[in-house]
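Reviewing the structure listed below.
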Amino acid sequence: NAGHVFNIHCQRPLLPAQDQRNSGRCWMFATLNLLRPNACETLGVDDVEFSESYLFLFHLLEQANLYLERMMAWREKPLDDRTLRMFAGDPMDDGGDWSMAVNLLHKYGIVPKSVFPETYSSRNTEDL
């Protein structure tokens, strides 16, 4: 039945949207924006912004580590191996998903944007 009606009212005020600029970090912005209302309520403030740049730094470090671990594990593979070529062709990108964001939060925590602000590089991740 396609006649479903969803009628959900949020009791909390909407917080201002954040601009991810020219980055592929929508997954990180979405995750951190889900945390903002509860954080505001807990901290007794009207708004709080979390640092996507902070988590993105660790996302890149985790990807670099994964790349190095795989290259060590695959050191005996021939250079024309399809898996090796695919992985080596694009070892790091700015994309991610919910589970990646949750794992980064559990491992590295969270900081306010004022502590770890956006930079040119974090706003333009496709250039990295």
>> If hydrophobic clusters are built by linking Ile, Leu, Val, Met, Phe, Trp and Tyr wherever their side-chain heavy atoms come under 4.5 Å apart, do Trp27 and Val102 end up in the same one?
In response: no
>> Could you report the tightest heavy-atom contact between Leu55 and Gly109, atom names first, then the distance?
In response: CD2-O, 3.5 Å
> Say you draw a straight line from NZ of Lys77 to CZ of Arg85; how long is it, rounded to the nearest 0.5 Å?
Replying inline: 13.5 Å
> If you take all heavy atoms of Val48 and Arg36, which pair is closest and at what distance?
Replying inline: O-NE, 2.9 Å
> More than 12 heavy atoms of other residues, nucleotides or ligands under 6.0 Å from CG of Asp46: is that the case?
Replying inline: no
> Which of parallel (below 30°), tilted (30 to 60°) and perpendicular (above 60°) describes Tyr67 and Phe87?
Replying inline: parallel
> Where do Pro117 and Ser53 come nearest, in terms of heavy atoms and distance?
Replying inline: O-OG, 3.5 Å
>> Would you say that more than 12 heavy atoms from the other residues, nucleotides or ligands in this model lie under 6.0 Å from the CG of Leu43, or not?
In response: yes
> Is a donor on one side and an acceptor on the other found under 3.5 Å between the side chain of Thr125 and the backbone of Gly24?
Replying inline: yes
> Just by modelled atom types, is the Phe116 backbone N or O under 3.5 Å from a matching donor or acceptor in the Ser51 side chain?
Replying inline: yes
> Does the Arg75 side chain pair with the main chain of Met72, one donor and one acceptor, at a distance under 3.5 Å?
Replying inline: yes
>> With a 3.5 Å distance limit and no angle check, can you tell me whether Thr42 reaches the backbone of Asn38 through a side-chain donor-acceptor pair?
In response: yes
>> Would you say Leu61 ends up clustered with Leu105 if hydrophobic residues are merged whenever their side chains have heavy atoms under 4.5 Å apart, either directly or through other cluster members?
In response: yes
> Given Met71 and Leu84, is the side-chain contact (heavy atoms from CB on, under 4.5 Å) satisfied, shown in steps?
Replying inline: CA-CA 8 Å; Met71 290 300 111; Leu84 177 64; 3.4 Å; yes
>> Return the CG to OG1 distance between Leu35 and Thr31, rounded to the nearest 0.5 Å.
In response: 7.5 Å
> Any sub-3.5 Å donor-acceptor pair from Asn103's side-chain atoms to Ser99's backbone N or O?
Replying inline: yes
>> Quick one, Leu34 with Trp98, criterion side-chain contact (heavy atoms from CB on, under 4.5 Å). Give me CA distance, side-chain angles, the key distance, then yes/no.
In response: CA-CA 11 Å; Leu34 281 174; Trp98 169 260; 3.7 Å; yes
>> If hydrophobic clusters are built by linking Ile, Leu, Val, Met, Phe, Trp and Tyr wherever their side-chain heavy atoms come under 4.5 Å apart, do Met100 and Phe29 end up in the same one?
In response: no
> Is there side-chain contact between His59 and Arg25, with at least one heavy-atom pair below 4.5 Å?
Replying inline: no
> Would you say Trp74 and Thr83 make side-chain contact, with heavy atoms under 4.5 Å?
Replying inline: yes
> How long is the gap from CD on Glu49 to SG on Cys40, to the nearest 0.5 Å?
Replying inline: 9.5 Å
> Out of Tyr54, Phe56, Phe50, which residue meets the side chain to side chain contact (heavy atoms under 4.5 Å, CB included) rule with Met28?
Replying inline: Phe56
